[in-house]
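Atoms within each ligand, like the ligands themselves, are counted from 1 in listed order. All heavy atoms count here, side chains included; hydrogens, waters and symmetry mates do not.
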Amino acid sequence: MKKQFFWGGSASAFQFEGGGTEGGKGSSIYDIREKETGVTYSVASDFYHHYKEDISWMAEMGFQAFRMSIAWSRLFPDGDGVLNQEGADFYRNVFLELKKYQIEPVVTLFHWDLPYSLVQRYDGFQSKKTLQAFIQYCKTCFGLYGDIVKYWLTLNENNLGLMLPSMYSNKKRRKSDADYWQYQWDSYHNTVMAHFYAVRLCHEMIPDAKVGCMMASSLAYPLSSDPRDVRAAQIHNQKVNWDELDLFTTGRYNTRMQQQMKEAAITLNTSESERAVMEDASSKMDFISFSYYFSVCMRDGENKNNENAKTIQMLYAAYENPCLEKSTFGWTIDPMGLRIFINELYDRYKLPVMIVENGLGVKDDILNEDGTVHDEYRIAYLREHIQAVNQARKEDHVPVLGYLPWGCIDLYSASGDWSKRYGFIYVDFAHDLKRYRKDSFFWYQKVIASDGEELGHS
Ligand code: BG6
């Protein structure tokens, strides 16, 4: 653990790996979604068959770390039961390939692709049986890869858990349903326990590893200096950003969360032994990782629906910031917000931070006949955000562990299909999945080589 800061990129299994049910993989909820939506997650960027090539591109860019996730149903086709050795071998080969180029794997244990069998049999995370299956899966991952993977992330963007209706359920529930909030809290609490168990197990099984949570940052500013708007922004930040981190760092639901449960007449399905795990020192994470794409504004009273509220990252109503420009996807571009958020996190929790998602997703990348892609808009976005990271590291002296922008090789969007691209490398999804270096590839290569100093001119 000598390295202080990692440059690299990030992806998740269901959006990047493909490989369908090849090699004995079981279906995840995204394989089922594919049947409903026609979005071919079973192919995605086909990292499954291209991993050697893809890792060599990463090495050419100078990557020092690559964040990826393990598809739980590739190791355990039914989520629990017998290990699928072919799946286990696949990830070992990927990690070895990364190590060949001195690229550190940063591995998310769970990036939303719940094995479908757990949904069918147990109605997802609301059941302790799914939690037990997750514990078995974590033990297996740490046992299989603990010699080679030293950075682990528990559950992707779990702070959005209470807002994601029926994500892991067999049954579509509406807020008007009598069991809606009980189901939400049961599921949420089990994912919280999944986090604590994973951290504790990781510390026990791989003492020289670091393990952290992964949260969706959602920095809210007050729309005006009216103290009522300031309070509205504070409430948003508490609810979306801080409540779960308070829980993960203290091992206790704070009074706001307890109040929410009381108001919804929730009886939390928990026990003394779970409480002991939550409060155990070895269940406390080593760092906080997060995604950062945009900031929002709040004002007192009824908040208008954000025009992009339907995307998975914006499950709440918000106002747009009149001082900021927006991407073609309607997300505000706010590099200063990243610096603010990093500082805020560190001031509150005094834990090192890692940026594991950031970037500009657009539909505008054009592959020219000569194989070039001129994505100067992406370079402009990343330049400003990297400047903000540099300032946080070097001027504000926050221990930042790494910058791993999202979808470093084009992948499938969580809120759509493959047409929204983030990568330094273009994937020709419409034809043969061939890879092409974008202009940002060569730019990022220089950024990494200069430890973030050579950012080119704006
Ligand atoms: C994060 C998720 O919320 O945002 C990723 O962890 C997702 O899975 C990313 O892809 C970007 O969102 P989108 O909708 O542009 O794919």
Side-chain angles (χ1 to χ4, degrees), residues 8-18 28-30 33 37 39-41 44-45 47 66-72 106-114 153-164 167-168 191 195 212-219 240-241 244 288-296 306-316 318 326-334 337-338 341 354-365 375 377-378 381-382 385 403-424 427 429:
S10 169
S12 81
F14 83 88
Q15 294 167 276
F16 189 52
E17 185 175 291
S28 80
I29 55 173
Y30 285 94
R33 204 159 291 178
T37 61
V39 178
T40 45
Y41 297 106
S45 313
F47 180 67
F66 175 53
R67 174 195 175 216
M68 54 179 277
S69 70
I70 295 177
W72 180 350
V106 176
V107 176
T108 317
L109 287 158
F110 180 61
H111 196 125
W112 300 343
D113 47 355
L114 191 67
L153 310 181
T154 55
L155 294 87
N156 190 64
E157 297 188 338
N158 204 57
N159 58 317
L160 302 180
L162 280 169
M163 290 178 238
L164 288 166
M167 174 98 166
Y168 306 126
T191 61
H195 165 86
C213 69
M214 192 291 185
M215 67 170 302
S217 69
S218 176
L219 177 67
V240 185
N241 297 313
E244 184 175 88
I288 297 170
S289 81
F290 66 93
S291 58
Y292 178 86
Y293 293 98
F294 51 76
S295 59
V296 293
N306 187 300
E307 76 187 35
N308 230 36
K310 284 196 186 66
T311 71
I312 212 152
Q313 298 79 6
M314 297 181 110
L315 301 151
Y316 42 77
K326 290 186 292 176
S327 73
T328 47
F329 270 84
W331 290 2
T332 53
I333 300 177
D334 182 14
L338 177 54
F341 193 76
M354 193 188 280
I355 301 117
V356 297
E357 289 191 31
N358 174 234
L360 183 69
V362 296
K363 287 204 181 206
D364 318 330
D365 281 354
D375 59 341
Y377 37 86
R378 178 167 295 107
Y381 177 101
L382 292 170
H385 285 77
Y403 179 72
L404 311 180
W406 179 245
C408 48
I409 298 177
D410 285 344
L411 42 63
Y412 279 29
S413 165
S415 48
D417 51 22
W418 49 258
S419 55
K420 186 178 186 185
R421 296 168 181 274
Y422 284 87
F424 301 109
V427 177
F429 291 110

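Annotation: cation-pi pair Lys420/Trp331 present, NZ/CZ under 6.0 Å from the ring centroid and within 45° of its normal. Cation-pi geometry between Arg378 and Tyr381 is not met: the NZ or CZ atom fails to fall both under 6.0 Å from the ring centre and inside 45° of the normal.
Checked against a 6.0 Å centroid threshold, the rings of Phe16 and Tyr41 do not count as neighbours. Centroid-to-centroid, the aromatic rings of His385 and Trp406 stay 6.0 Å apart or farther.
Paired with Leu360 under the rule side chain to side chain contact (heavy atoms under 4.5 Å, CB included), one option of Tyr377, Tyr293, Phe329 passes, and it is Tyr377.
With respect to the salt-bridge test (charged N to carboxylate O, under 4.0 angstrom), the residues Asp364 and Arg421 do not qualify.
Looking at Ser291 against ligand 1, nothing comes within 4.0 Å, counting heavy atoms. Contacts with ligand 1 closer than 4.0 Å are made by side-chain heavy atoms of Tyr422 only, the backbone lying farther away. Residue-level proximity to ligand 1 for Asn156 is carried by the side chain, the only part with a heavy atom below 4.0 angstrom.
Polar contact with ligand 1: absent for Met214 (N/O pair, distance under 3.5 Å). At a 3.5 angstrom cut-off on N or O pairs, Ser413 counts as close to ligand 1. Some N or O of Lys420 is nearer than 3.5 Å to an N or O of ligand 1, by distance alone.
Remark: side-chain polar atoms of Asp410 are paired, donor with acceptor, to backbone N or O of Val427 under 3.5 angstrom.
Residue contact check for ligand 1: Tyr293 places a non-hydrogen atom closer than 4.0 Å to it. By the 4.0 Å heavy-atom criterion, Trp331 is counted among the residues contacting ligand 1.
Under a 4.0 Å criterion applied to the non-hydrogen atoms of Gln15, ligand 1 contributes the atoms 5 (C), 7 (C), 8 (O), 10 (O).
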